[in-house]
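Read through the structure below, which is laid out as structure tokens, and then see the notes.
Just so it is clear: chains get the letters A, B, ... in the order the sequence lines come, proteins before strands, and each one is counted from 1.
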Protein chains: 2
Amino acid sequence: MTTRPGPRERLLDAARELTYSQGVQVGVDAILKQADVARRSLYQHFGGKDGLVAEVLRSDGGLDRYRQVMDEAGDDPRERVLAVFDELDAITSQPSFRGCRYTAAELTLTDPGHPAHAEVRAFKEGLHRLMAAELTRHGHPAPDAGADQLLVLIDGVLAHAVTRPGARPALAARALAEAVFASRA
Amino acid sequence: MTTRPGPRERLLDAARELTYSQGVQVGVDAILKQADVARRSLYQHFGGKDGLVAEVLRSDGGLDRYRQVMDEAGDDPRERVLAVFDELDAITSQPSFRGCRYTAAELTLTDPGHPAHAEVRAFKEGLHRLMAAELTRHGHPAPDAGADQLLVLIDGVLAHAVTRPGARPALAARALAEAVFASRA
DNA sequence: AGATAGATAGAACGATCGGTATATGCCGCC
DNA sequence: GGCGGCATATACCGATCGTTCTATCTATCT
């Protein structure tokens, strides 16, 4: 029998799931109950709900998932990036899809001092670097501006998929992503 | 001296402002205070907070603003749509910009039964029709799919502008919108 | 004038929020 | 063997949540 993860891991797992399905406004009690963890442990490990929420975003490994999808698509930068949109189409088609966790956090948490905002920023910066690197390898004339376009497409897909169920925004975006790669100096 | 608007209007105005700047999770008390309206009036006119929030979205007139921006841009569909992205650049550059109110409502309100969701859907549907009409007039081979692309771009701009301050996602999206209009049958 | 409808003020409701305090149990380590 | 650190369980805190209620006031219409 596998040993049960410690309270810290259980808290992160429970919070990751509940803040996604119920939103960040989910109560601390619900997280504690699902994690089967004492109230005090939360404050011991994360200082409070804000710290827990921020750590959920920080440790989410979203960038790794993007990297993995691209690596499985081979070497060609164009194919690697287009694979991202294929994956987005699969993700946004799942009934459990509830939008991008980072965008949701950014829009829901009004307090500009909330520690989650820094994590969101860090994630988006990393994603931008990821995309810019692919465009650079592809010989894009302006990798930075091109990455901006790809990020807009990704954010657009994730946002649009929530508000218009049934549409397949990732497919629409994929065609535009091809246009980004068609840019010539 | 102009006569003061009635309680219903004052409630809508206050709610529109506060739910945007503070998020929909703003308290009823704050709305009542800013509207300078009796507690009971809220429940008399809107049945509750949920009804008020939904009515704020419904009466927001977002579609009219899009129409107005396009009308000011003249007759050519391409110019009219590109003007939308110029306007988005202006909007997202304002320091008071806090994201798209509809997307925020959709992501924040987890309860699928919340009346606001229907308003969000209606808005996005209307926007889709608006864009598809322009593409049809332009002779686009697939106005519906093209409108999907434009909506992804718009949602992407509004979402991305919140998470990466300083970037000008509307300019990046504008170039891609041009690509949408370059589509040939 | 009297009646009616709408608005006001304010108390109070039960529920839930995030966070703290107290007290006990379990474990490895010196 | 006792000690320290972590986890547990639970009670409790003040604050705030959305909502309901009573009671008073005011404007309009007949």
Side-chain angles (χ1 to χ4, degrees), chain A residues 1-57 104-105 108-117 119, chain B residues 1-57 104-105 108-117 119:
Chain A
M1 153 175 180
T2 62
T3 58
R4 192 194 197 194
R8 194 189 133 93
E9 288 308 313
R10 276 180 285 154
L11 273 173
L12 277 177
D13 288 344
R16 200 181 320 277
E17 178 180 333
L18 289 178
T19 57
Y20 187 70
S21 60
Q22 318 244 84
V24 288
Q25 65 269 26
V26 67
V28 166
D29 291 11
I31 299 177
L32 293 175
K33 185 178 175 185
Q34 166 144 339
D36 191 30
V37 149
R39 196 172 199 78
R40 181 161 196 178
S41 302
L42 192 159
Y43 295 91
Q44 200 74 24
H45 283 290
F46 303 100
K49 186 191 177 184
D50 290 1
L52 174 59
V53 168
E55 183 64 17
V56 163
L57 294 180
T108 302
L109 304 172
T110 303
D111 174 19
H114 196 291
H117 293 306
E119 305 300 333
Chain B
M1 151 174 181
T2 61
T3 59
R4 192 196 199 193
R8 194 189 133 94
E9 288 307 314
R10 276 180 284 153
L11 272 173
L12 278 176
D13 288 344
R16 201 181 319 277
E17 178 179 334
L18 289 178
T19 56
Y20 186 71
S21 61
Q22 318 243 90
V24 288
Q25 65 268 29
V26 67
V28 166
D29 290 11
I31 299 177
L32 292 174
K33 186 177 176 186
Q34 167 145 338
D36 191 28
V37 149
R39 198 167 205 79
R40 178 156 201 186
S41 302
L42 192 160
Y43 295 90
Q44 200 75 21
H45 284 288
F46 303 100
K49 187 193 178 183
D50 290 1
L52 174 60
V53 167
E55 183 63 18
V56 164
L57 294 180
T108 301
L109 304 173
T110 304
D111 175 18
H114 196 290
H117 293 306
E119 304 302 333

Task: Residues in salt bridge (Lys or Arg N to Asp or Glu O under 4.0 Å) contact with E55(B), at least two apart in sequence or another chain - done: R8(B), R58(B)
Open item on the list: Any base atoms under 4.0 Å from G48(B), or only sugar-phosphate, or nothing? Heavy atoms, all strands.
Closed with: sugar-phosphate
- [ ] Check every nucleotide of DNA chain C for an atom under 4.0 Å from a heavy-atom of chain A, then give the first and the last such nucleotide from 5' to 3'.
- [x] dC17(C) to dA23(C)
Open item on the list: I need the minimum non-hydrogen distance between K49(B) and V24(B), along with the two atoms involved.
Closed with: NZ-O, 2.9 Å
Task: Min side-chain heavy-atom separation Y20(A)-V56(A) under 4.5 Å - done: no
TODO: Using both distances under 3.5 Å as the test, list the Watson-Crick or G-U wobble partner of dT30(D), or none.
DONE: dA1(C)
Open item on the list: Does any part of the side chain of L42(A), heavy atoms only, come nearer than 4.5 Å to the side chain of L32(A), both counted from C-beta?
Closed with: yes
Task: Span of DNA chain D in contact with chain B (heavy atoms, under 4.0 Å) - done: dC17(D) to dA23(D)
Open item on the list: Using the salt bridge (Lys or Arg N to Asp or Glu O under 4.0 Å) criterion, which residues pair with R40(B)? Sequence neighbours excluded.
Closed with: none
Task: Nearest-0.5 Å distance that lies between atom NZ in K33(B) and atom CG in L18(B) - done: 11.0 Å
Open item on the list: Are the side chains of E119(A) and V53(A) in contact, using a 4.5 Å heavy-atom criterion?
Closed with: no
Task: Distance-minimising heavy-atom pair for T108(A) and Q25(B) - done: O-NE2, 2.6 Å
Open item on the list: What's the separation between atom CD in E17(B) and atom CD in Q34(B), rounded to the nearest 0.5 Å?
Closed with: 4.5 Å
- [ ] Mind running a 4.0 Å heavy-atom check of residues 10-34 of chain B against DNA chain D and sending the residues that fall below it, in number order?
- [x] V26(B), G27(B), V28(B)
Open item on the list: Testing the basics here: between V37(A) and S41(A), what is the closest heavy-atom pair and its distance to 0.1 Å?
Closed with: CG1-CB, 3.6 Å
Open item on the list: If I take atom CG from residue D13(A) and atom CD1 from residue I31(A), how far apart are they, to the nearest 0.5 angstrom?
Closed with: 12.0 Å
Open item on the list: If I compare all heavy atoms of A105(A) with all of L57(A), which pair ends up nearest, and what's the gap?
Closed with: CB-CD1, 4.1 Å
Open item on the list: For D50(A) versus H114(A), what's the shortest heavy-atom pair and its separation?
Closed with: OD1-NE2, 3.2 Å
Task: Any residue of residues 35-45 of chain B with a heavy atom less than 4.0 Å from an atom of DNA chain D - done: R39(B), R40(B), Y43(B)
